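First comes the structure, then the notes that go with it.
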Amino acid sequence: MKHILSKKNLGKVFCSVAWVGLVLTVACLSGCGLDSPKVLSDVDTAMGTVITQKIYLKKPVKTKKENGDALPTEEILGLVGSLERERISFRIPDAELARINEAFADRDPIAGDEPDVVKLSPQMEEILTRCLEISEASDGAFDITIGSVARLWNVDEWADPPKTDSEAAYPLPSESEIREKLDTSGYEKVTVKDHGIILSPGMSLDLGAVGKGIALDEILQYLKGQENVEGAVISAGGSILTYGTKPDGTAWNVGIVDPMSTDQSLGILTLTGQWCVSTSGDYERYVEVDGVRYHHIIDPETGYPARSRVKSVTVLTRDGFLSDALSTACFILGRDKGMELAEKYGAEALFVDQDGEVAMTEGMRQYFNFAAKEK
Ligand code: ADP
Ligand code: MG
């Protein structure tokens with residue numbers, strides 16, 4: 001089965017979800033007994049994205065109704081839900097990230113407000129430390145302090161089908177508003193030490209660029225603790241995890257969307273064992289205003305959607321956080337610098353530029369095959 005890296009947003013996704021759901025259900029009905037399945041399939045939403053799961057078991061499990069335990073697919077959905085609610089959402093007021101932002105929202109440096117330290121959970125400390133490292137390595141192209149600029153653009157409200165409108169109907173932020181928000185951002189102004197964090201006043205963190213990757217890492221830890229799981233392929237939006245083996249011994253096939261024509265596949269990654277694949281593209285969330293496309297990946301230098309000539313970039317690593325962070329960073333850096341960054345982390349990357357030209361790291365060639373072109 002091909003797993004297309006489509007990050008279409010919810011309107012469109014629900015159509016494809018219905019389709020995928022149908023395919024998975026048929027596969028399950030034909031491949032296993034319904035009462036004691038050996039293959040678990042599920043398509044659901046969590047963390048504002050579609051989570052598609054296929055889990056191959058060594059021994060059939062009874063359904064929840066029969067033995068009272070939650071199925072692995074349900075446990076995984078629960079994990080992703082709590083990750084968002086308790087940790088990484090900037091919207092849900094009780095999430096740790098939202099509380100950090102809130103704590104620094106109305107500090108007034110002119111009035112001499114002291115920047116208190118906000119304590120971090122061990123998990124958040126690790127996430128933020130890793131984010132700051134990627135900022136450093138990418139020369140600030142990747143920067144989670146971009147939150148207030150991203151809110152100004154309203155990227156979270158952009159839904160599929162993309163809005164195409166005039167500026168009168170879809171007002172864009174002004175140069176001076178962007179400047180003002182940019183002045184409060186910048187990863188160099190963040191201090192993480194002694195298990196606490198200090199932000200500069202008015203700064204707002206956004207973990208949108210790594211949320212799905214972090215979710216995949218949590219899912220991977222969960223799967224590793226499950227004796228009965230032989231293999232799994234799980235996608236969270238456009239980030240995909242492959243794990244273990246398929247009972248028939250064949251490889252995992254992960255499709256990459258053609259960004260020039262997003263209902264088609266550019267090609268397939270053939271993978272064995274544990275991998276994480278993330279794609280960042282200008283087609284995922286955007287609006288078109290007066291013929292200009294504004295997408296959701298912001299260049300921290302300008303405060304505007306990145307103009308690096310990259311249309312999409314796919315990153316392949318063993319680690320979810322890294323694949324997600326690097327795909328965003330590589331998109332902003334562009335092909336040459338992005339390729340260098342990926343290689344520095346031992347990751348493979350595939351770039352498609354505005355003309356549809358494809359470039360990839362040397363190592364990517366052993367996994368990627370172009371799709372046969374339709375005549
Ligand atoms: P998606 O969220 O569609 O998977 P990405 O992983 O590329 O796509 O992340 C894009 C999201 O990351 C944006 O919606 C925004 O929340 C955040 N973001 C935008 N620009 C940056 C940036 N330069 N550095 C870090 N995060 C960013
Ligand atoms: Mg990303």
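Atoms within each ligand, like the ligands themselves, are counted from 1 in listed order. For the numbers below, each heavy atom of this structure counts, side chains included, while hydrogens, waters and symmetry mates do not. Given the structure is predicted, the values throughout are model-derived calculations rather than measurements. Residue numbers start at 1 and run along the sequence shown.
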Cation-pi geometry met for R293 and Y286 (6.0 Å, 45°) = yes
task = May I ask you to check whether A209 brings an N, O or S atom to under 2.8 Å from the Mg ion (ligand 2)?
result = yes
ask   = With a 4.0 Å heavy-atom cut-off (strictly under), which part of I146 contacts ligand 1: side chain, backbone, both or neither?
value = side chain
query = Does the distance from a Lys or Arg side-chain N to an Asp or Glu carboxylate O, for K54 and D42, drop under 4.0 Å?
reply = no
request  = Could you verify whether a donor N or O on one side chain and an acceptor N or O on the other, from E86 and Q123, lie under 3.5 Å apart?
outcome  = no
ask   = Strictly by modelled atom types, are T317 and D319 linked by a side-chain donor-acceptor pair under 3.5 Å?
value = no
key: Short N or O distance, D324 and ligand 1, threshold 3.5 Å exclusive   = yes
message = I'd like to know if the side chain of T262 and the backbone of P259 have a donor-acceptor N/O pair within less than 3.5 Å.
response = no
message = Just checking H296 against F331, ring centres under 6.0 Å apart?
response = no
ask   = Are any of the heavy atoms in P300 under 4.0 Å away from ligand 1?
value = yes
ask   = Looking at ligand 1, does any of its N/O atoms fall within less than 3.5 Å of an N/O of T328?
value = yes
ask   = Hey, are T129 and E126 close enough side-chain-wise for a donor-acceptor pair under 3.5 Å?
value = no
ask   = With a 3.5 Å cut-off and no angle check, do the side chains of S327 and S278 form a donor-acceptor pair?
value = no
key: Rounded to 10 degrees, the angle O of D324 makes with OG1 of T328 at the Mg ion (ligand 2)   = 90°
ask   = Just which atoms of ligand 1 are under 4.0 Å from any heavy atom in S280?
value = 5 (P), 6 (O), 7 (O)
inquiry  = If the threshold is 4.0 Å, N to carboxylate O, is there a salt bridge linking R151 and D206?
reply    = yes
request  = Indicate, as side chain, backbone, both or neither, the part of E284 found under 4.0 angstrom from ligand 1 when only non-hydrogen atoms are considered.
outcome  = side chain
message = Can you confirm, on distance only, whether ligand 1 has an N/O atom lying under 3.5 Å from any N/O atom belonging to A209?
response = yes
task = Mind checking whether A141 contacts ligand 1 via backbone (N, CA, C, O), side chain (CB onward), both or neither, at a 4.0 Å heavy-atom cut-off?
result = backbone
ask   = Is D299 in polar range of ligand 1, meaning some N or O pair under 3.5 Å apart?
value = no
Element-labelled atoms of ligand 1 that are located less than 4.0 Å from some non-hydrogen atom of G208 = 2 (O), 9 (O), 11 (C), 12 (O), 16 (O)
ask   = Under 3.5 Å, N or O to N or O, is D143 touching ligand 1 that way?
value = yes
query = Against heavy atoms of I332, which atoms of ligand 1 measure under 4.0 Å?
reply = 22 (C), 23 (N)
request  = Would you please test E84 and S89 for side chain to side chain donor-acceptor pair (under 3.5 Å) and show each step?
outcome  = CA-CA 5 Å; E84 181 190 30; S89 173; 4.5 Å; no
key: Which segment of A150 sits under 4.0 Å of ligand 1 when only heavy atoms are counted   = neither
